[in-house]
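Contents: one structure, followed by commentary.
Chain letters run A, B, ... following the sequence lines, proteins first, then strands; residues in each count from 1.
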Amino acid sequence: MTVRDHNLHLVNTLGRLKERFVPLVPGHVGIYVCGPTVYSDAHLGHAKSYVSFDAIIRYFRHLGYKVKYVQNITDVGHLLDNADEGEDKIERRAKLERVHPLEIAEAYARSYFKDMEGLGVAYADLHPRATQHIPEQIEIIEQLIAKGNAYAAGGNIYFSVGSWKEYGCLSGRDTDDAVEGTRVTVRGDKRDPRDFALWKHADPSHIQWWRSPWGKGYPGWHIECSAMSMKYLGEEFDIHGGGLENQFPHHECEIAQSRAATGKGFARYWLHNNMINRDGVKMSKSLGNGILIKDLLKEVPGTTVRAFLLGTHYRSAANFTDEGVKAAHAGLERLHFVLGAMRDRMKSAPSGAQPGDAAVGDAVVTLDRDFHAAMDDDFNTPIAMSSLYEFAKRMNAALAGAPVSKEACGAALDTYVALAGGVLGLLPVEGDSEDGRKGDLEPVMQVVLDVRRLLRERKLFDLTDVLRDRLASVGIDVKDTKDGPVWQRRG
RNA sequence: GGCGGCAUAGCCAAGUGGUAAGGCCGUGGAUUGCAAAUCCACUACCCCCGGUUCGAUUCCGGGUGCCGCCUCCA
């Protein structure tokens with residue numbers, strides 16, 4: 001498989017510049033994206049992040065790259081951000097429900113994957129778990145100690161930020177100033193307030209702990225991603241992605257400890273997706289305005305959620321509003337309509353050159369060019385989607401005009417499906433729900449529509465309209481097209 | 001308190017130093033027995049105040065608002 005010609009540029013947080021993408025190994029892309037900490041159900045913030053990266057991964061594959069996508073599952077280690085006692089989120093939940101922490105992690109990991117399936121997000125090639133990579137984490141810590149970048153204090157191991165001059169290269173933070181400006185005193189065992197834990201001593205109340213050269217304990221938050229990304233992608237790899245909120249300190253710490261341990265460059269391109277708000281305000285548990293993915297999917301199809309999310313650039317903050325979702329849904333129906341129109345036409349289109357082929361060919365060429373230009377420009381999905389709408393408009397017009405050949409229509413269909421469906425995941429999957437739910441009613445509807453046709457021929461329109469209204473009242477929409485009536489079940 | 005980002009039509013949202021994509025909604029038209037769908041047309045002086053420039057929505061400074069991170073901790 002060869003890689004298609006492209007001019008992909010992406011904004012690298014490391015350096016804050018738009019750079020041309022050049023893979024470490026030609027034809028291959030290694031990418032690591034920070035996965036969820038599985039202690040509760042996934043919400044819209046997760047959806048924004050993982051749908052964005054899903055489109056990015058799909059685009060790389062579309063270009064012909066062999067992609068190795070690694071996304072971790074964090075099942076240990078994060079501490080509650082606003083708790084005084086620094087309690088592990090998963091352990092806290094486990095204690096509440098009186099089960100083992102891994103049961104919590106397992107349950108929510110499943111829930112997460114189910115949500116992602118609902119959103120049409122493809123699985124990563126590997127979903128490694130933090131608790132299954134403790135030895136790898138310990139090994140890195142040992143390397144850091146040996147190189148003088150980490151030290152033991154009070155049973156804990158800390159990374160010495162002062163020993164690593166590049167610290168701050170990602171977030172662009174002048175850490176010295178930051179420290180100066182605060183009244184922070186060096187607390188606990190740290191030599192420097194900027195230092196962060198690589199390994200924590202486990203006190204008896206801790207449920208999950210592991211043996212280490214430094215006694216019973218558990219890993220710090222940042223070290224897991226260094227261990228898992230480098231294990232599966234190498235000490236230097238192409239792309240590291242994640243949410244903007246993890247840029248500092250999480251990713252900053254990852255870079256420092258990884259580079260210090262290996263002497264290699266770690267990730268070459270850093271991609272950060274922006275957040276999602278609701279009605280202009282952030283979503284949070286305390287405000288009670290958060291939305292769980294599984295709840296939203298009860299209201300609207302996954303493709304609608306994708307259309308809404310991809311309608312905003314991944315680096316821009318999205319604003320979730322009910323109206324916005326409705327708009328995304330309505331627009332998506334047009335994208336689905338033209339798909340159906342092309343598929344229908346394939347059944348009847350003649351072979352051999354036809355007068356309408358030029359218009360179709362034009363629409364395809366324009367779509368192909370504009371879509372790729374948009375995605376090549378830092379994965380600009382909103383622009384890519386606009387090229388889809390432009391295509392739909394042209395294609396609908398073409399199909400209503402001069403005859404179109406099967407070949408031309410087929411080429412248009414293939415391109416459209418590859419881009420709208422394959423890359424952005426906005427098209428219903430073939431053999432999806434719709435046909436299945438229609439199946440059992442098909443013979444009955446044939447009878448009903450046949451009778452209605454006879455009534456129409458006799459111009460008994462009051463009766464045909466009653467029939468249509470009554471069908472609508474039981475959730476069946478009938479539309480009269482010039483090729484005859486079509487029907488579908490709503491909802 | 002500190003650092004960084006954003007602010008575009010009723011809603012969602014791209015983008016550019018030279019008078020602003022696309023989607024939804026709305027209006028008018030074509031088509032239709034009607035409706036739906038489809039197609040065509042129309043709808044924004046880009047948060048406020050200064051500055052740079054021949055010219056700024058796009059650059060700089062200030063203000064306001066919102067978002068993220070840090071400030072307790074990993």
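As rounded to whole Å, 13 Å separates atom C1' of B:rA13 from atom CD1 of A:Ile276. Nucleotide B:rU38 holds its P atom 14 Å from the CE atom of A:Met342, rounded to whole Å. Residue A:Asn246 contributes atom CG, which lies 12 Å from atom C1' of B:rA74 at whole-angstrom precision. Separating the CG atom of A:Asp377 from the C1' atom of B:rA21 is a distance of 13 Å, rounded to the nearest angstrom. One interatomic measurement links the two molecules: CE of A:Met385 to C1' of B:rG15, which rounds to 17 Å at whole-angstrom precision. As rounded to whole Å, 19 Å separates atom P of B:rA21 from atom CG of A:Leu388. The distance from atom CD of A:Glu390 to atom C1' of B:rG23 is 13 Å, rounded to the nearest whole Å. Separating the NZ atom of A:Lys326 from the P atom of B:rA13 is a distance of 16 Å, rounded to the nearest angstrom.
Using bins of under 30°, 30° to 60° and over 60° for the plane-to-plane angle, the ring pair A:His206/A:Tyr218 lands in the parallel bin. The aromatic rings of A:His43 and A:His46 are tilted relative to each other, their planes meeting at an angle between 30° and 60°.
Atom P of B:rG4 sits at a distance of 14 Å from the matching atom of B:rG63, rounded to the whole Å. Separation of the C1' atoms belonging to B:rU64 and B:rG50 is 15 Å when rounded to the nearest angstrom. Annotation: B:rU58 and B:rG5 have their P atoms spaced 16 Å apart (nearest Å). A distance of about 27 Å separates the P atoms of B:rC42 and B:rC48, rounded to the whole Å. B:rC25 and B:rU31 are spaced 22 Å apart, taking the C1' atom of each and rounding to whole Å. Taking the P atom of each, B:rG68 and B:rA74 are spaced 23 Å apart, rounded to whole Å. Between the C1' atoms of B:rU57 and B:rC46, the separation comes to 4 Å (whole Å). For the P atoms, the distance linking B:rA56 with B:rA20 amounts to 14 Å, nearest Å.
Using a 4.0 Å heavy-atom criterion, one finds that A:Val325 contacts no nucleic acid atom at all. Within the nucleic acid shown, A:Phe308 comes within 4.0 Å of sugar-phosphate atoms alone, with no base atom in reach, counting heavy atoms only. Within 4.0 Å of A:Ala400, counting heavy atoms only, lies no atom of the nucleic acid at all. When heavy atoms are screened at a 4.0 angstrom cut-off, A:Lys479 is found touching base atoms of the nucleic acid. Residue contacts shown for A:His313 are limited to sugar-phosphate atoms, with no base heavy atom under 4.0 Å away. Within 4.0 Å (heavy atoms only), A:Ala318 reaches sugar-phosphate atoms of the nucleic acid but no base atom. Using a 4.0 Å heavy-atom criterion, one finds that A:Arg456 contacts the bases of the nucleic acid, with or without backbone contacts as well.
Comparing atom distances between the A:Glu245 side chain and each of B:rA14, B:rG68, B:rC39 picks out B:rG68 as nearest. Of the listed nucleotides (B:rC11, B:rU38, B:rG33), B:rG33 has the atom at the smallest distance from the side chain of A:Phe461. The nucleotide whose nearest atom lies closest to any side-chain atom of A:Ala327 is, among B:rC67, B:rC24, B:rA14, B:rC24. The nucleotide whose nearest atom lies closest to any side-chain atom of A:Thr321 is, among B:rC12, B:rA21, B:rA13, B:rC12. Here the side chain of A:Met275 is nearest to one of B:rA35, B:rC67, B:rG23, namely B:rC67. Of all nucleotides listed (B:rC11, B:rA14, B:rG23), B:rG23 comes nearest to the side chain of A:Tyr389. Relative to the side chain of A:Thr312, the nucleotides B:rA14, B:rA74, B:rA37 differ in distance, and B:rA14 lies closest. Nearest to the side chain of A:Asn319, among B:rA13, B:rA37, B:rC34, sits B:rA13. The side chain of A:Glu323 lies closest to B:rC11, out of B:rA74, B:rC11, B:rC12. Comparing B:rC24, B:rC67, B:rC34 by their nearest atom to the side chain of A:Asn277 picks out B:rC67.
A donor-acceptor contact under 3.5 Å is not formed by the side chain of A:Asp322 with the base of B:rC11. You won't find any donor-acceptor pair under 3.5 Å spanning the side chain of A:Asn380 and the base of B:rG15, going by distance alone. A donor-acceptor contact under 3.5 Å is not formed by the side chain of A:Arg334 with the base of B:rA37.
Heavy atoms from other residues, nucleotides or ligands lying under 6.0 Å from CZ of A:Arg470 number 12 at most. The neighbour count for A:Arg211 CZ, taken as heavy atoms of other residues, nucleotides or ligands under 6.0 Å away, does not exceed 12. Under a cut-off of 6.0 angstrom, the local environment of CZ in A:Arg458 is sparse, with at most 12 non-hydrogen atoms contributed by other residues, nucleotides or ligands.
Across residues 416-427 of chain A, not one residue has a non-hydrogen atom less than 4.0 Å from an atom of RNA chain B.
Exactly one of A:His133, A:Arg129, A:Gln71 qualifies for a side-chain contact (heavy atoms from CB on, under 4.5 Å) with A:Met228. That residue is A:His133. For the side-chain contact (heavy atoms from CB on, under 4.5 Å) with A:Leu449, the qualifying choice from A:Val486, A:Val478, A:Asp480 is A:Val478, the only one to do so.
Pairing for B:rA56 is absent, with no Watson-Crick or G-U wobble pair whose two atom distances lie under 3.5 Å. Within the shown strands, B:rC6 is the pairing partner of B:rG65 under the Watson-Crick or G-U definition, both distances less than 3.5 Å. In a base pair of the Watson-Crick type (N1 to N3 plus N6-O4 or O6-N4) or a G-U wobble (N1-O2 and O6-N3), with each distance short of 3.5 Å, B:rC46 is matched with no nucleotide. In this structure, B:rU19 forms no base pair with any nucleotide, since neither Watson-Crick nor G-U wobble geometry is met with both distances under 3.5 Å. Pair assignment for B:rC39: B:rG29, on the basis of Watson-Crick or G-U wobble contacts that are both within less than 3.5 Å.
A donor-acceptor pair under 3.5 Å links the side-chain atoms of A:Thr13 to the main chain of A:Trp270, judged by distance alone.
Considering every non-hydrogen atom in both A:Thr74 and A:Ala130, the closest pair reads CA-CB, 4.5 Å.
Between A:Ser386 and A:Ser316, the one whose closest nucleotide on RNA chain B sits nearer the 5' end is A:Ser316. Taking for each of A:Asp462 and A:Ala397 the nucleotide of RNA chain B with the nearest heavy atom, the 5'-most of the two is the partner of A:Asp462.
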Distance-only donor-acceptor pairs under 3.5 Å for side chains of residues 460-468 of chain A, two or more places apart:
{"unit_1": "A:Thr464", "atom_1": "OG1", "unit_2": "A:Phe461", "atom_2": "O", "d": "3.0"}
{"unit_1": "A:Asp465", "atom_1": "OD1", "unit_2": "A:Arg468", "atom_2": "NH2", "d": "3.4"}

Q: Please assess A:His240 against A:Tyr269 for the test ring pair (Phe, Tyr, Trp, His ring centres under 6.0 Å), listing each intermediate value before the final yes or no.
A: CA-CA 6 Å; A:His240 189 124; A:Tyr269 301 94; over 10 Å; no
